[in-house]
Amino acid sequence: MERKPTDFESRVYEVVSRIPMGKISTYGEIAKQLGIRSARAVGQALRRNPYAPTVPCHRVVRTDGSIGGFYGEIAGDLIAKKCQMLAAEGISFEGNRVDFSQFLHDWNS
DNA sequence: GACATGACCCGCG
DNA sequence: CCGCGGGCCATGT
């Protein structure tokens, strides 16, 4: 059944879509922008993500810099595709982690 | 309204 | 480094 996104999801998509190319953010930071302390709720919204390529969900990573779930964890090459997609935007990795000191988006800017 | 699920985070051992 | 437990919030049944 098709159902419209909730207000909460809309807020999440809005914040995530604000991440500029070549930058990334974390679930926890986004949660803070929304005024909550649960990165889980953010993950829930992104998991549903009906605006897939529109909302750059791949620019959102875990607090420790790892890519996280996306397609069900390091199931195979799918995660590697994500790395390439990010690399295409100018983001580089250390294994499956990103360098926050360079790519973490500054919400105050 | 209660219970279960989930692309999370943090602390402890 | 790995595993375990608790906290957190929204969604679906």
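Reckoned from all heavy atoms, side chains included, excluding hydrogens, waters and symmetry mates. Note that the structure is a prediction, hence the values are computed from the model and not measured. Reminder, nothing fancy here: chain letters follow the sequence lines and each chain counts from 1.
- Between A:R37 and C:dC9 there is a side-chain polar atom (N or O) within less than 4.0 angstrom of OP1 or OP2.
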Residues 12-19 of chain A side chain polar contacts: donor-acceptor under 3.5 Å, at least two apart:
from, atom 1, to, atom 2, distance (Å)
A:Y13, OH, A:A45, O, 2.9
A:E14, OE2, A:R18, NH2, 2.8
A:S17, OG, A:Y13, O, 2.9
A:S17, OG, A:E14, O, 2.7

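- For A:Q44, the listed nucleotide lying nearest its side chain is B:dG6; candidates were B:dA7, C:dC9, B:dG6.
- Between A:W107 and A:S25, some side-chain heavy-atom pair lies under the 4.5 Å cut-off.
- Atoms CD and CD1, from A:Q102 and A:I24 in turn, are 10.0 Å apart once rounded to the nearest 0.5 Å.
- Taking atom CG of A:D64 as the reference point, atom C1' of C:dC2 lies 14 Å away to the nearest angstrom.
- Within residues 6-17 of chain A, the residues having any heavy atom closer than 4.0 Å to DNA chain C are, in order of number, A:T6, A:F8.
- Rounded to a whole Å, the CD atom of A:Q33 is 16 Å from the P atom of C:dC9.
- Computed from coordinates, the A:Y27 OH to C:dG7 C1' distance equals 19 Å when rounded to whole Å.
- Comparing A:G28 and A:A41 by the nucleotide of DNA chain B whose heavy atom lies nearest to each, the residue mapping closer to the 5' end is A:A41.
- Rounded to a whole Å, the CD1 atom of A:I24 is 15 Å from the C1' atom of B:dA7.
- Following rounding to the nearest Å, A:I30 (CD1) and B:dC9 (C1') show an atom-to-atom distance of 14 Å.
- Remark: A:R97 engages no residue in a side-chain hydrogen bond (donor to acceptor under 3.5 Å, both in side chains) (not counting sequence neighbours).
- If you take CZ of A:R47 and P of B:dT5, they are 13 Å apart, rounded to a whole angstrom.
- Between A:E89 and A:R59 a salt bridge is recorded (basic side-chain N to carboxylate O distance below 4.0 Å).
- The structure places NZ of A:K4 at 9.5 Å from CG of A:D7, a figure rounded to the nearest 0.5 Å.
- What separates CZ of A:R59 from C1' of B:dA7 is a distance of 17 Å, to the nearest Å.
- Nearest nucleotide to the A:L46 side chain, out of B:dC10, B:dA7, C:dC9: B:dA7.
- Atom-to-atom, CD of A:E29 to P of C:dC9 comes out at 16 Å; the value is rounded to the nearest Å.
- Listed for the A:E9 side chain is a donor-acceptor partner under 3.5 Å among the backbone atoms of A:T6.
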